[in-house]
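Reading through the C-alpha cells given below for one structure.
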Amino acid sequence: MPELLTLQDVTAGYGDATIIEDISLSIQEGASLAVLGRNGVGKTTLLRTLLGATRQTGGAIHWRGDSLEGADPVRRARMGMGWVPQQRGVFRSLTVEENLSVVARPGHWNLDAVWKLFPRLNERKYHYGDQLSGGEQQMLAIGRALMTNPALLLLDEPLEGLAPLVAEEVAAAVQKMAAQGTLTALVVEQHPIVALKMTTQAIVLERGRICHRARSEELAADEALLDSMLGVA
Ligand SMILES: Nc1ncnc2c1ncn2[C@@H]1O[C@H](COP(=O)(O)OP(=O)(O)OP(=O)(O)O)[C@@H](O)[C@H]1O
C-alpha cells in the first residue's frame, strides 16, 4: 500500500511552547495507528499538528508525497482529513439523518453504510441531536466524519466519558470501520488495550517524543512493557 502521510522530524506547539518534538512516522493508506501515552504527553497536539492547527516549528509533513507546508486546516480538510473532536460537535437542532446528510460527500460512506455500522443511529434517525445519549452523540460524531469520506480519520479519545457497555459498542464499530480499509484511521486513546484492538500499529509518546513503536497486536501482548510505559497492569 502507498504511503498516505509521512512525518519527518516534526516539532510543534503553541506560541513559544514546544509540545511535540522530532516526530517521524509514516502511515500507509488503509492502515490504522493508535497514539498512546499518559496525560499531557502531546497526543492531541500531534493530531492538531496534522490538521494544521498548531505552530509547526520544524520538520516536514507530506500527504501522498506532497508537502503540507503552508496548508491551513480548511485546505487539509478538503484534501481528505476528517476529525472527530473530543467535544463531539453534533448539530443539536438537526435530526440524526440531517446531521449526516448535510456533510455528505461522495464515496463508500453513505447513509446506508453508517446505518450498518451504527444500527442504533438508524433507529434514532428522526431524533434531534439534543435528544441523544452521550454514546449516541459519539456514534453520530463518528458517522458525520465518515460521511465526508475522508482519506484519513482522526479520532480523539472516542470512548471518553462513555459508560462501559456503550464504550464497547463504539469501540467495536471503530474496529470494524478501521478493518474495512476504506480509510486510514489514527486513534488517540487513554485506554491502550482498547486502542490496540482497534488498530494495526501503535506509537507511544513520552514528553512529546515517540518512545516506542510496535504492531498493535504485539504491544497488546506485552503486558510488562505496557505497564512500564502506561501503567496498565
Ligand atoms: N491551546 C494550547 N495552548 C497552550 N498549551 C496547550 C494547548 N493545548 C494543550 N496545551 C499543552 O500541551 C501539552 C500537551 O497537551 P495535549 O492535549 O496534546 O496532551 P494529551 O497527551 O492529548 O493529553 P490528554 O490525554 O490529557 O488529553 C499540555 O501541557 C497542555 O497544557
Side-chain angles (χ1 to χ4, degrees), residues 5-25 27 32-61 68 71-74 76-77 81-90 134-135 137-138 141-142 145 150 152-164 166-168 170-171 174-175 178 184-199 201-214 216 219-220 225-233:
L5 195 67
T6 312
L7 282 74
Q8 255 174 331
D9 302 324
V10 170
T11 294
Y14 309 96
D16 290 337
T18 294
I19 307 290
I20 53 169
E21 258 186 295
D22 289 334
I23 303 283
S24 294
L25 71 103
I27 313 172
S32 48
L33 178 80
V35 179
L36 307 174
R38 295 176 193 258
N39 276 338
V41 293
K43 302 182 296 296
T44 298
T45 303
L46 174 58
L47 246 67
R48 291 172 55 88
T49 300
L50 298 178
L51 291 163
T54 62
R55 201 163 86 84
Q56 190 185 328
T57 51
I61 305 177
L68 285 183
D72 66 14
V74 174
R76 293 183 197 208
M81 286 193 196
W83 152 254
V84 182
Q86 255 172 326
Q87 298 80 9
R88 301 193 182 135
V90 306
Q137 282 184 31
Q138 184 59 286
I142 296 171
L152 175 68
L153 183 65
L154 305 167
L155 294 132
D156 196 356
E157 299 197 16
L159 311 181
E160 201 196 11
L162 302 184
V166 185
E168 260 175 45
V170 173
V174 172
Q175 187 178 355
T184 303
L186 201 147
V187 187
V188 164
E189 250 306 323
Q190 286 287 344
H191 308 290
I193 304 292
V194 187
L196 292 171
K197 256 196 212 153
M198 294 177 191
T199 52
Q201 292 154 53
I203 56 170
V204 182
L205 298 184
E206 202 175 271
R207 274 173 278 148
R209 292 174 179 266
I210 297 179
C211 68
H212 190 75
R213 51 182 99 217
S216 299
L219 185 54
L225 186 62
L226 272 178
D227 190 34
S228 71
M229 288 188 302
L230 301 161
V232 280

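Just so it is clear, the model here is predicted, and its values are computed rather than measured. Every number for a ligand or one of its atoms is a count from 1 in the order of the listing.
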Any atoms of ligand 1 less than 4.0 Å from a non-hydrogen atom of Gln190? List them with their elements. 24 (P), 25 (O)
Applying side-chain contact (heavy atoms from CB on, under 4.5 Å), name anything that partners Arg207, two or more places apart in sequence or on another chain. none
Does atom 31 (O) of ligand 1 have a protein heavy-atom neighbour under 4.0 Å away? no
On a heavy-atom basis, which atom in Gly13 and which in Thr54 lie closest, and how many Å separate them? O-CB, 3.4 Å
So, does Arg38 use its side chain to make a donor-acceptor pair with the main chain of Met229 at under 3.5 Å? yes
Shortest non-hydrogen contact from Thr45 toward Thr49: O-OG1, 2.7 Å
Given Gly15, Gly13, Gly40, Ala12, identify the one with the heavy atom nearest to atom 14 (C) of ligand 1. Gly40
Using salt bridge (charged side-chain N to carboxylate O under 4.0 Å, His left out) as the criterion, list what pairs up with Glu157, not counting sequence neighbours. none
Does the side-chain contact (heavy atoms from CB on, under 4.5 Å) test come out yes or no for Leu159 and Val170, once each step is laid out? CA-CA 7 Å; Leu159 311 181; Val170 173; 3.7 Å; yes
What protein heavy atom is closest to atom 18 (O) of ligand 1, reported as residue, atom name and distance in Å? Thr45 OG1, 2.5 Å
What's the shortest distance from atom 17 (O) of ligand 1 to any protein heavy atom, and which residue and atom give it? Thr44 CB, 3.6 Å
Option passing side-chain contact (heavy atoms from CB on, under 4.5 Å) with Leu36 (candidates Thr199, Val188, Leu219): Leu219
Can you pull out the closest protein heavy atom to atom 9 (C) of ligand 1? Residue, atom name and distance to 0.1 Å, please. Tyr14 CE1, 3.5 Å
So between Ile19, Asn39, Leu46, Asp16, whose heavy atom ends up nearest atom 11 (C) of ligand 1? Ile19
Atom 27 (O) of ligand 1: which of Glu189, Glu157, Lys43 has the nearest heavy atom? Glu157
Nitrogen or oxygen of Gly42 less than 3.5 angstrom from that of ligand 1: yes
